[in-house]
Amino acid sequence: MTKIRIKSRSEIEAMRRSGKAASTILQRIGEAVKPGVSTYELDQISRQTIKELGGISSFLGYQFPGHAPYPATICVSLNDQIVHGIPSKEVLLDGGDIVGIDTAIFLDGYHGDNAFTFPVGAIAPDARKLLDVTRVSLYRAIEAARPGNRLGDVCFALQNGAESYGFSPVRDFSGHGIGRKLHEEPQIPTYGDAGRGVRLMSGMVLAIEAMVNVGNSEARVLDDGWTAVTTDRSLSALFEHTVVILSDGPEILTDNNKLWGHKSKKEEILEDDNR
Ligand code: MF3
Ligand code: CO
């Protein structure tokens with residue numbers, strides 16, 4: 001049985017702060033994304049901002065079972081890289097790239113986790129489409145995160161959001177519950193059956209991750225032990241929000257208008273997508 005921790009009012013209040021902090025880090029990194037910048041510099045911005053905000057990195061030193069400790073405060077995944085790319089002085093952003101940035105902060109006892117895939121300068125139409133589809137599938141999944149629904153409704157929204165455009169959800173990685181620990185129950189796969197799984201309840205906090213490949217869903221990990229890439233070299237994108245389920249629906253704790261746009265604009269994208 002999965003044991004999903006229900007957060008109290010005061011815990012949710014604290015997670016509003018860690019979520020907002022996580023979104024500030026991501027926004028600052030986004031402002032620095034341009035051709036010629038190294039992925040190392042982006043990690044430096046993240047480190048500096050985490051320090052300024054009075055928190056510590058959720059990622060630095062993090063150990064997945066059987067892995068070396070993670071060496072940086074962001075994951076930076078370029079083009080055909082899916083997740084967990086390691087920042088490097090040798091990797092410079094190039095016009096036309098897409099770059100997924102995942103960053104999180106531990107602040108006053110709670111984690112906030114979010115990710116965004118940025119275009120570097122002008123990008124090709126197929127790359128633009130991948131970013132739009134992945135972002136919309138995240139918002140659809142968030143809409144499904146409400147009391148009375150089941151976890152499978154969230155997972156199905158991610159899967160359907162990718163597949164209805166001929167893209168593939170990434171099956172080897174998932175979103176997760178979040179709170180005092182970065183990874184709590186439940187696991188949130190990017191595929192699943194609507195109406196199945198645990199019932200969602202007010203007070204659950206979920207880090208929902210939309211991860212989509214243009215080609216097949218397969219992932220392979222590079223020799224560095226971390227960087228996951230597509231096996232067919234197709235582009236991959238990720239977007240992630242930390243979301244609390246409240247009695248009247250989801251509240252995005254990592255929302256940030258400067259980065260994600262205004263609410264009205266998000267609805268426009270969704271409507272557009274309902275054609
Ligand atoms: N957002 C990702 C996750 O929650 C990134 C984790 S990377 C690591 O799994 F640094 F924590 F390893
Ligand atoms: Co996460």
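Whatever order the structure lists ligands and atoms in, that order sets their numbers, starting from 1. Side chains included, hydrogens not; waters and symmetry mates left out as well; all remaining heavy atoms used.
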Contact region, Asp113 to ligand 1, non-hydrogen atoms below 4.0 Å, reads side chain
For Cys75, the ligand 1 atoms with a heavy-atom partner under 4.0 Å come out as 7 (S)
Flag this pair as yes if the NZ/CZ of Arg17 is under 6.0 angstrom from the six-membered ring centre of Tyr110 and inside a 45 degree cone about the axis; otherwise no.
no
Arg16 with Glu251: basic N within carboxylate O range, under 4.0 Å
yes
Per side-chain hydrogen bond (donor to acceptor under 3.5 Å, both in side chains), Asn79 is matched among Thr230, Asp97, Asp94 by Asp97
**Message:** When you measure from the heavy atoms of Glu209 to every atom of ligand 1, does any distance fall below 4.0 Å?
**Reply:** yes
I'd like to check whether His183 has a polar contact with ligand 1, where a contact means an N/O of the residue lying under 3.5 Å from an N/O of the ligand. yes
Value for CG (Leu138) from CG (Leu238), rounded to nearest 0.5 Å, stands at 9.5 Å
Numbered in order shown, the ligand 1 atoms found under 4.0 Å of a heavy atom of Tyr62 are 11 (F), 12 (F)
Note: Tyr70, heavy atoms under 4.0 Å from ligand 1, region reported as side chain
Separation between CD (Glu240) and OG1 (Thr117), nearest 0.5 Å, reads 10.5 Å
Closest heavy-atom pair, Ser58 versus Leu182, reported as atoms and distance to 0.1 Å, is O-CD2, 4.0 Å
In ligand 1, the atoms that come under 4.0 Å of a heavy atom of His176 are 3 (C), 4 (O)
Output yes if His183 passes the N/O/S-under-2.8 Å test against the Co ion (ligand 2); output no otherwise. no
Checking distances from the Co ion (ligand 2), one finds that the N, O or S atom of Asp113 closest to it is OD2
request  = Measure centre to centre between the rings of Tyr62 and His67, then say whether the value is under 6.0 Å.
outcome  = no
Specify whether His183 and His176 have parallel, tilted or perpendicular ring planes, treating 30° as the upper limit for parallel and 60° as the lower limit for perpendicular. perpendicular
Ligand 1 atoms nearer than 4.0 angstrom to some heavy atom of Trp226 are 12 (F)
The OE2(Glu240)-the Co ion (ligand 2)-OE2(Glu209) angle, to 10°, is 80°
Exercise. Examine Asp102 against ligand 1 and note whether any of their N/O atoms are separated by less than 3.5 Å.
Key: yes
- prompt: Does even one non-hydrogen atom of Phe64 get within less than 4.0 Å of ligand 1?
  reply: yes
Between the CG atom in Asp80 and the CG atom in Asp232, the distance rounded to the nearest 0.5 Å is 9.0 Å
